[in-house]
*Asks:* 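Below is the structure I would like to discuss, written out as structure tokens.
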Amino acid sequence: MGNADTATPAGDPSLLQIEQQGAVLTIGLNRPAKRNALNDGIILAIGDCFTSLPDDVRCVVIHGLGDNFSSGLDLSELRERDATEGLQHSQMWHRVFDRIQYCRVPVIAALKGAVIGGGLELACAAHIRVAEPSAYFALPEGQRGIFVGGGGSVRLPRLIGVARMMDMMLTGRVYSATEGSSYGFAQYLVDAGASMTKALELAAKIAGNAPLTNFAVLQALPMIAEANPQTGLLMESLMATVAQSDKEAKSRIRAFLDHKTAKVKPT
């Protein structure tokens with residue numbers, strides 16, 4: 001799961017708006033006046049939240065309050081760090097975003113306005129991304145004289161490819177929601193003002209899945225996809241065996257065979 005945990009200060013809970021609706025937990029980035037720029041307080045608060053998810057939560061939605069998801073690293077709070085401090089700071093972000101990527105439940109990011117730099121890195125740690133037409137994607141680190149430090153160089157190329165990320169960092173290219181969605185920045189493009197509604201709709205569906213299947217999709221599928229074919233096929237067989245032997249899987253299959261659940265149809 002990436003970086004080993006080390007002792008870190010607690011985050012500032014006032015920088016998040018956290019609500020639970022049934023089995024779905026929503027986490028709102030609460031710095032709208034700063035376009036939800038990410039400082040240490042909010043990053044650590046996100047980490048605290050994902051460390052202590054309630055047991056009855058089955059899906060999480062991350063969103064930004066105001067008009068933006070996140071404008072990335074809060075440069076106004078950037079201070080000079082030596083090499084050791086810089087390394088430790090980056091790895092703190094890695095640990096927090098690892099908690100999102102390797103969360104026990106699926107995480108959805110509802111995107112609007114700025115999805116820039118560290119904000120894009122945060123979105124990449126989620127499993128599903130829903131974008132409104134106002135969303136735009138950028139990595140201005142090249143123009144700022146810095147480099148991505150929140151896991152973006154690992155996660156984003158897996159979504160859009162190395163060449164496209166290089167272009168963004170070298171030229172400052174900005175992708176619109178429409179163009180970005182076609183390239184893999186988001187899986188869903190919705191109408192203006194509808195990202196949260198769609199994210200909650202998807203979260204409700206996901207929360208209704210068998211927990212073991214959700215776990216397999218989150219934890220096993222990425223490993224299988226990156227394994228050599230023979231190893232991947234063996235891992236798939238083992239995961240399929242475990243999943244179908246679960247009591248909930250057996251009851252769901254029986255309900256389908258007894259015509260108590262609907263068949264798959266196009267929507």
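If you read the sequence from its start, that first residue is 1, and numbering goes on from there.
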*Asks:* Hey, are the side chains of Ile160 and Phe185 touching, using non-hydrogen atoms and a 4.5 Å cut-off?
*Replies:*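 Yes; the side chains approach each other to less than 4.5 Å.
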
*Asks:* Mind listing the closest non-hydrogen atom pair of Leu189 and Ser181 along with its distance?
*Replies:*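 Looks like CB-OG, 3.8 Å.
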
*Asks:* Determine whether a donor-acceptor pair (N or O, by modelled atom type, separation under 3.5 Å) exists between the side chain of Glu132 and the backbone of Ala192.
*Replies:*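 No; zero donor-acceptor contacts below 3.5 Å.
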
*Asks:* Given ring-ring contact (aromatic ring centres under 6.0 Å, His included), test Tyr183 with Tyr175 step by step and report yes or no.
*Replies:* CA-CA 9 Å; Tyr183 289 134; Tyr175 283 94; 5.6 Å; yes

*Asks:* Taking NZ, NE, NH1 and NH2 as the nitrogens, is one of them in Glu141 or Arg144 under 4.0 Å from a carboxylate oxygen of the other?
*Replies:*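 A salt bridge is absent here (no side-chain N lies under 4.0 Å from a carboxylate O).
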
*Asks:* Between His89 (side chain only) and Thr84 (backbone N and O only), is there a donor and an acceptor less than 3.5 Å apart?
*Replies:*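 Checked: no pair found.
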
*Asks:* Between Leu29 and Ile46, is any pair of side-chain heavy atoms under 4.5 Å apart?
*Replies:*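 Result yes, sub-4.5 Å side-chain heavy-atom pair found.
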
*Asks:* Would you say Glu226's side chain and Met223's backbone share a donor-acceptor pair under 3.5 angstrom?
*Replies:*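 Checked: no pair found.
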
*Asks:* Judged by atom type as modelled, is there a donor-acceptor pair below 3.5 Å linking the side chain of Gln21 to the main-chain atoms of Leu200?
*Replies:*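 The answer is no, because no donor-acceptor pair under 3.5 Å joins these two groups.
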
*Asks:* Tell me, with the steps shown, if Arg99 and Val107 meet side chain to side chain contact (heavy atoms under 4.5 Å, CB included).
*Replies:* CA-CA 10 Å; Arg99 288 174 186 167; Val107 180; over 6 Å; no

*Asks:* Please assess Arg155 against Glu121 for the test side chain to side chain contact (heavy atoms under 4.5 Å, CB included), listing each intermediate value before the final yes or no.
*Replies:* CA-CA 8 Å; Arg155 294 187 178 96; Glu121 292 181 286; over 6 Å; no

*Asks:* Which heavy-atom pair separates Asp12 from Ala45 by the least distance, and what is that distance?
*Replies:*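 That would be O-CB, 3.5 Å.
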
*Asks:* In the single-linkage hydrophobic clustering (I, L, V, M, F, W, Y; side-chain heavy atoms under 4.5 Å), do Leu16 and Leu44 co-cluster?
*Replies:*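 Yes, Leu16 and Leu44 fall within the same hydrophobic cluster.
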
*Asks:* Salt bridge or not between Asp74 and Arg31? Use side-chain N to carboxylate O under 4.0 Å.
*Replies:*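 Judged by the 4.0 Å cut-off on N to carboxylate O distance, Asp74 and Arg31 do form a salt bridge.
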
*Asks:* Looking only at side chains, do Asp48 and Thr51 share a donor and an acceptor under 3.5 Å apart?
*Replies:*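 Not at all, the side chains of Asp48 and Thr51 share no donor-acceptor pair under 3.5 Å.
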
*Asks:* Measuring from Tyr188:OH to Lys198:NZ, what's the distance to the nearest 0.5 Å?
*Replies:*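 Between atom OH of Tyr188 and atom NZ of Lys198 there are 6.0 Å.
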
*Asks:* Please name the pair of heavy atoms, one in Gly149 and one in Ser90, separated by the smallest distance, quoted to 0.1 Å.
*Replies:*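 Shortest heavy-atom contact: O-OG, 2.7 Å.
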
*Asks:* Please give me the minimum heavy-atom distance between Trp93 and Gly118, naming the atom from each residue.
*Replies:*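 So the two residues come closest at CZ3-CA, 4.0 Å.
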
*Asks:* Membership question, hydrophobic clusters at under 4.5 Å side-chain separation (ILVMFWY): are Val148 and Leu156 in the same one?
*Replies:*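 Leu156 and Val148: one cluster.
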
*Asks:* Could you tell me whether the side chain of Ser245 and the main chain of Thr241 form a donor-acceptor pair under 3.5 Å?
*Replies:*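 Looks like yes, one N/O pair under 3.5 Å.
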
*Asks:* Under 3.5 Å, is there a donor-acceptor pair linking the side chains of Ser70 and Arg35?
*Replies:*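 Their side chains do not contain a donor-acceptor pair, so the 3.5 Å distance test is not met.
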
*Asks:* Is any side-chain heavy atom of Asn228 less than 4.5 Å from a side-chain heavy atom of Thr231?
*Replies:*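 SC-SC contact between Asn228 and Thr231 confirmed.
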
*Asks:* Would you kindly confirm whether Met196 and Ile128 end up in one hydrophobic cluster when ILVMFWY residues are joined by side chain heavy atoms under 4.5 Å apart?
*Replies:*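 Hydrophobic grouping puts Met196 with Ile128.
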
*Asks:* Which pair of non-hydrogen atoms, one from Gly152 and one from Pro157, has the smallest distance, and what is that distance?
*Replies:*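 Heavy atoms only, the tightest pair is O-CD, 3.2 Å.
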
*Asks:* Measuring only between side-chain heavy atoms, which start at C-beta, is Met235 closer than 4.5 Å to Met239?
*Replies:*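 No, every pair of side-chain atoms sits at 4.5 Å or beyond.
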
*Asks:* Group every Ile, Leu, Val, Met, Phe, Trp and Tyr by side-chain heavy-atom contacts under 4.5 Å, then state whether Leu87 and Phe97 land in the same group.
*Replies:*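 Result: no, two separate clusters.
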
*Asks:* Look only at the side chain of Gln20 and the backbone of Gly22, and say whether a donor-acceptor pair between them is shorter than 3.5 Å.
*Replies:*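 Such a contact is found between Gln20 side chain and Gly22 backbone.
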
*Asks:* With a 3.5 Å cut-off and no angle check, do the side chains of Thr213 and Asn209 form a donor-acceptor pair?
*Replies:*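 Looking only at side-chain atoms, Asn209 and Thr213 do not form any donor-acceptor pair under 3.5 Å.
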
*Asks:* Within the distance-only criterion (no hydrogens, no angle test), does the side chain of Arg58 pair as donor or acceptor with the backbone N or O of Val24 below 3.5 angstrom?
*Replies:*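 No.
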
*Asks:* Does Leu159 reach the side chain of Cys124, with side-chain heavy atoms less than 4.5 Å apart?
*Replies:*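 When only atoms from C-beta onward are counted, Cys124 and Leu159 do touch, with a gap below 4.5 Å.
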
*Asks:* To the nearest 0.5 Å, how far apart are CG in Leu122 and CD1 in Ile116?
*Replies:*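 Here the interatomic distance stands at 13.5 Å.
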
*Asks:* For Asn36 and Asn68, test the side chains for any donor-to-acceptor distance below 3.5 angstrom and give the result as yes or no.
*Replies:*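 Asn68 and Asn36 do not have a side-chain donor-acceptor pair below 3.5 Å.
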
*Asks:* For the pair Asn30 (side chain) and Leu65 (backbone), establish whether a donor and an acceptor sit closer than 3.5 Å, ignoring hydrogens and angles.
*Replies:*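 Checking the backbone N and O of Leu65 against the side chain of Asn30, no donor-acceptor pair under 3.5 Å is found.
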
*Asks:* Ignoring hydrogens and angles, tell me if any N or O in the side chain of Gln187 forms a donor-acceptor pair with the backbone of Arg129 under 3.5 Å.
*Replies:*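 Such a contact is found between Gln187 side chain and Arg129 backbone.
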
*Asks:* Measure the spacing between CD1 of Ile42 and CG of Leu38 and express it to the nearest 0.5 Å.
*Replies:*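 With rounding to 0.5 Å, CD1 (Ile42) is 6.0 Å from CG (Leu38).
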
*Asks:* Taking the side chain as C-beta and beyond, is there a heavy-atom pair between Ser76 and Lys34 under 4.5 Å?
*Replies:*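 They are in side-chain contact.
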
*Asks:* Same hydrophobic cluster for Val174 and Leu75, using side-chain heavy-atom links shorter than 4.5 Å among ILVMFWY?
*Replies:*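 Not linked; separate clusters.
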
*Asks:* Heavy-atom count around Asp56 CG within 6.0 Å, excluding the residue itself: above 12?
*Replies:*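 Enclosed.
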
*Asks:* To the nearest 0.5 angstrom, please state how far the SG atom of Cys59 sits from the CG atom of Asn214.
*Replies:*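 Interatomic distance, Cys59 SG to Asn214 CG, rounded to 0.5 Å: 8.0 Å.
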
*Asks:* Quick one: OG1 on Thr26 to CD1 on Ile108, what's the gap to the nearest 0.5 Å?
*Replies:*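 One finds 11.5 Å between OG1 of Thr26 and CD1 of Ile108.
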
*Asks:* Are any of the side-chain nitrogens in Arg173 or Glu179 under 4.0 Å away from the carboxylate oxygens of its partner?
*Replies:*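 Glu179 and Arg173: salt-bridged.
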
*Asks:* Do the side chain of His63 and the main chain of Ala110 share a donor and acceptor less than 3.5 angstrom apart?
*Replies:*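 No; zero donor-acceptor contacts below 3.5 Å.
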
*Asks:* Could you tell me if the side chain of Leu53 sits less than 4.5 Å from the side chain of Cys103, heavy atoms only?
*Replies:*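 Yes; the side chains approach each other to less than 4.5 Å.
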
*Asks:* Distance from Phe69 atom CZ to Phe137 atom CZ, nearest 0.5 Å?
*Replies:*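 One gets 10.0 Å once the value is rounded to the nearest 0.5 Å.
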
*Asks:* Can you tell if the side chain of Val130 reaches within under 4.5 Å of the side chain of Leu111, non-hydrogen atoms only?
*Replies:*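 No, too far: nothing below the 4.5 Å cut-off.
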
*Asks:* For the residue pair Cys49 and Leu25, what are the closest heavy atoms and their distance?
*Replies:*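 Of all heavy-atom pairs spanning Cys49 and Leu25, the closest is SG-CD2, 4.0 Å.
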
